[in-house]
Protein chains: 2
Amino acid sequence: MARNRITIQDVANRANVSKSAVSLAYNDSKKLSEATLQNILRAAEELGYSQDPAARMLRTQRTDSLGLLLPQQLDKVLENPYYTQFLQGIGQTCQQEGLTLLLVPPLRGSMLKAIPYAAVDGFIVSGLEYDRGEVTALRQRGIPFVLVDSEWHEGVPSVELDETEGMRELVDYLLRQGHRRIAFIAIETDTAGGYQNWRGPVQRRMQGATESLAQYGLSPESDSITIVETPCTRLGGVTAFRTLWAQDERPTAMVAFSDIIAFGILDAAREAGVDVPSQLSVSGFDDLSEASWTMPSLTTIRQPIATKGRLAAEYLVEAITASSPPDTTHQQRLSTALLLRGSTGAAPALGPT
Amino acid sequence: MARNRITIQDVANRANVSKSAVSLAYNDSKKLSEATLQNILRAAEELGYSQDPAARMLRTQRTDSLGLLLPQQLDKVLENPYYTQFLQGIGQTCQQEGLTLLLVPPLRGSMLKAIPYAAVDGFIVSGLEYDRGEVTALRQRGIPFVLVDSEWHEGVPSVELDETEGMRELVDYLLRQGHRRIAFIAIETDTAGGYQNWRGPVQRRMQGATESLAQYGLSPESDSITIVETPCTRLGGVTAFRTLWAQDERPTAMVAFSDIIAFGILDAAREAGVDVPSQLSVSGFDDLSEASWTMPSLTTIRQPIATKGRLAAEYLVEAITASSPPDTTHQQRLSTALLLRGSTGAAPALGPT
DNA sequence: CTGAAAGCGCTTACAG
DNA sequence: CTGAAAGCGCTTACAG
């Protein structure tokens with residue numbers, strides 16, 4: 001298993017041709033006579049020659065692979081089925097274009113540090129909630145990139161979601177159902193200073209909620225409204241439920257910013273003997289497939305996860321292929337849809353409206 | 001977004017130092033005086049310099065990434081939650097070692113073609129049921145690799161599973177429960193000529209079944225035993241159920257070679273109004289987390305999926321780091337466990353034994 | 001149809 | 001502590 005030391009030169013020598021001819025045999029064999037080609041291939045075979053991808057990349061300035069820059073460790077990220085679907089979408093494009101996909105988790109805890117080392121033609125940046133220099137580093141890297149589920153940046157390509165609108169619809173519905181004590185369970189980011197300092201998806205989701213609350217004379221600051229942050233995992237949902245249920249004023253509705261969190265809330269509610277939705281309404285965000293099987297099934301805001309991945313990758317491919325920078329920044333916006341299912345209903349004290 | 005043309009030479013010029021000094025600044029900054037270092041970093045910053053990963057790889061003969069060679073398109077592969085868990089396991093090791101993970105699906109339909117192009121330090125090869133030259137190509141590539149869920153090869157490192165044993169236990173149990181009309185629903189490979197020509201995991205699983213059947217004077221050739229092949233998807237399970245249920249002699253037990261297939265069988269059985277397990281026993285293989293939530297919960301053979309990924313990656317890292325080829329071929333064998341749950345029971349005609 | 005030459009951008013001994 | 005030189009292995013014009 002020792003490193004292969006056979007180079008194109010060795011093959012050329014053995015076949016009595018130039019290095020160029022050997023290169024042609026692999027990259028543009030039509031330009032060679034059949035005899036020469038066979039001769040070269042035989043020599044390569046006998047020697048056990050294999051091209052060096054790094055040398056090829058350096059020379060061609062092409063890696064034929066896309067990078068997915070991730071906000072967390074690989075195993076953490078994959079705990080959320082969200083990423084499986086997202087990867088599927090990216091995978092469709094990669095397949096079509098014959099590209100490989102490099103998964104790039106933070107290096108020594110930092111997304112920033114991972115950026116210079118990845119041999120890719122472009123990056124899909126996922127979950128960059130809060131820019132700490134990553135965008136600058138990406139620009140400096142000099143290859144195209146697309147932001148997904150990230151803070152919005154002027155002039156930076158991205159795939160966006162109509163999440164504000166989706167959240168507004170959901171909260172509208174809950175308010176109409178008589179809910180006033182509402183808890184928002186947001187995805188934990190390491191922003192300090194509470195929800196006013198949020199950015200990216202959580203900010204936009206809270207924004208929708210805020211707009212909706214305002215119509216009923218409420219705000220995130222109101223006594224009846226609670227905001228908590230929790231890790232984006234099932235366990236995060238369990239924890240959040242327990243915290244909230246231990247309060248004096250229990251909420252009648254819990255609005256989770258992610259399905260996986262909502263699943264955890266459902267688990268913890270069942271364990272605590274709390275009936276959903278008669279005692280507590282619970283909603284999620286994403287519409288993972290599991291959301292329709294839970295007991296009760298989960299009210300949620302659907303987003304086209306795989307499509308998001310596919311579009312991000314398609315844009316990247318476009319930008320990589322383009323000879324010059326596109327004159328117009330690509331900022332796609334995808335719509336969401338409110339799905340009312342079994343986990344939400346009228347607020348306990350009021351009965352159905 | 002034009003390609004970055006600033007090289008280490010430009011930075012060196014601007015900082016009035018040699019290229020070596022600039023390289024040192026990034027790779028071994030202790031060897032530089034504080035003043036020089038700052039000087040270089042400032043110049044790099046001003047110029048917007050970014051290292052070229054390909055050049056670095058070529059020079060160092062290191063990519064710091066692992067390749068996962070996949071048997072199918074990325075989006076197909078990720079349809080099976082099996083791979084999510086497997087990736088998590090690999091991810092743990094990558095994280096620990098500061099490695100990235102390159103997903104390498106077949107190139108133009110061929111695993112073989114993808115092998116020479118991936119810039120990786122080693123390959124984890126998944127689901128190479130039937131070798132068509134891949135092993136030779138991998139050897140030729142001159143970098144370490146580990147086979148997982150693949151045909152066994154003399155002298156080739158692999159992570160194996162005690163699947164024969166697991167299957168034997170399962171079929172024993174079914175036979176004791178009075179089942180005689182048993183259908184085996186295998187994962188489709190493109191081997192011609194029926195089960196005798198199978199290799200790799202399906203062969204080993206069928207082997208266990210065969211051994212067990214023999215004790216009751218049965219064999220895969222017996223009239224009461226059916227073998228079908230189906231794609232390893234939920235839909236594959238649905239199709240298999242329908243085919244089998246349309247036969248004159250319906251089986252009383254369906255033994256799927258994968259949980260995801262078993263889920264499809266359960267779906268189709270419910271749809272057909274067939275009660276599991278009173279009319280039909282169904283079993284899977286894998287123990288995906290969903291297996292304990294299905295209705296009824298699924299009897300299956302547990303395998304340590306994430307562990308398999310982690311070990312494969314660990315071995316690879318070892319082999320990459322080792323100065324010389326390991327004197328002993330690494331062929332790990334992991335055990336399986338039969339989990340009896342709600343989807344299996346006594347054969348209909350006989351009642352409980 | 002084939003070959004000689006240049007160069008992709010970096011790191012690593014080596015010399016000072 | 002710093003610099004000049006060599007070379008990693010390939011592809012791409014260019015000339016013939």
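Chain letters run A, B, ... following the sequence lines, proteins first and then strands; every chain starts at 1.
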Against the side chain of Asp52(A), the closest entry in dT11(D), dG3(D), dG9(D) is dG9(D)
From dC1(D), dT12(D), dT2(C), nucleotide with atom closest to Ser23(A) side chain = dT12(D)
Of the nucleotides dG9(C), dC10(C), dC10(D), which one has an atom closest to the side chain of Leu58(B)?
-> dG9(C)
Got a sec? Which of residues 7-17 of chain B come in under 4.0 Å of DNA chain D, heavy atoms?
-> Asn16(B), Val17(B)
Phosphate contact (dG9(C) OP1 or OP2) by Gln61(A) side-chain N/O below 4.0 Å = yes
Integer-rounded Å distance: dC8(D) P and Ile6(A) CD1 | 14 Å
Between Thr63(B) and Asp121(B), is any side-chain donor less than 3.5 angstrom from a side-chain acceptor?
-> yes
Going by distance alone, is a donor N or O of one side chain under 3.5 Å from an acceptor N or O of the other, for Thr7(B) and Gln9(B)?
-> no
Check every atom of dT2(D), dG3(C), dA6(D) against the side chain of Lys19(B) and return the nucleotide holding the closest atom.
-> dA6(D)
Base, sugar-phosphate alone, or nothing: which one does Ser20(B) contact when heavy atoms must sit under 4.0 Å apart?
-> base
For Tyr130(A), look at atom OH and say whether over 12 heavy atoms of other residues, nucleotides or ligands are found less than 6.0 Å away.
-> no
Does a donor on one side chain and an acceptor on the other come within less than 3.5 Å for Asn27(B) and Arg56(B)?
-> yes
Separation of Ile40(A) atom CD1 from dT2(C) atom P, in whole Å?
-> 8 Å
Could you state the atom-to-atom distance from NZ of Lys31(B) to C1' of dT11(C) in whole Å?
-> 11 Å
Going by atom types alone, do Tyr83(A) and Ser126(A) pair a side-chain donor with an acceptor below 3.5 Å?
-> yes
Check whether any side-chain nitrogen or oxygen of Thr36(B) sits under 4.0 Å from OP1 or OP2 of dT2(D), and answer yes or no.
-> yes
Given atom CZ of Arg62(B) and atom C1' of dG9(D), what is their separation to the nearest angstrom?
-> 19 Å
Yes or no on side chain to side chain contact (heavy atoms under 4.5 Å, CB included) for Asp64(B) and Thr100(B), after CA distance, side-chain angles and deciding distance?
-> CA-CA 7 Å; Asp64(B) 289 313; Thr100(B) 55; 5.9 Å; no
Is the count of non-hydrogen atoms from other residues, nucleotides or ligands lying under 6.0 Å from Lys31(B) atom NZ greater than 12?
-> no
Closest to the side chain of Arg59(A), out of dA6(C), dT12(C), dT2(D), is dA6(C)
Does Tyr26(A) make a side-chain N or O approach to OP1 or OP2 of dG9(D) shorter than 4.0 Å?
-> no
Atom-to-atom span, CG of Asp64(B) to P of dT11(C) - whole angstrom = 12 Å
Could you check how far CD of Gln51(B) sits from C1' of dC8(C), rounded to whole Å?
-> 16 Å
Is any side-chain N or O of Thr60(A) closer than 4.0 Å to OP1 or OP2 of dC10(D)?
-> no
Side-chain heavy atoms of Gln73(A) within contact of Val77(A), under 4.5 Å | no
So, Ser23(B) versus Ser20(B): side-chain donor-acceptor pair below 3.5 Å or not?
-> no
Would the number of heavy atoms belonging to other residues, nucleotides or ligands and lying under 6.0 Å from CD of Gln38(B) be above 12?
-> yes
Which stems, defined as runs of 3 or more consecutive Watson-Crick or G-U wobble pairs with both pairing distances under 3.5 Å, involve DNA chain D?
-> C:1-3 with D:14-16, C:5-12 with D:5-12, C:14-16 with D:1-3
Between dC10(C) atom P and Asp28(B) atom CG, what is the distance in whole Å?
-> 17 Å
Whole-Å distance, Tyr117(B) OH to dT11(D) C1', equals 13 Å
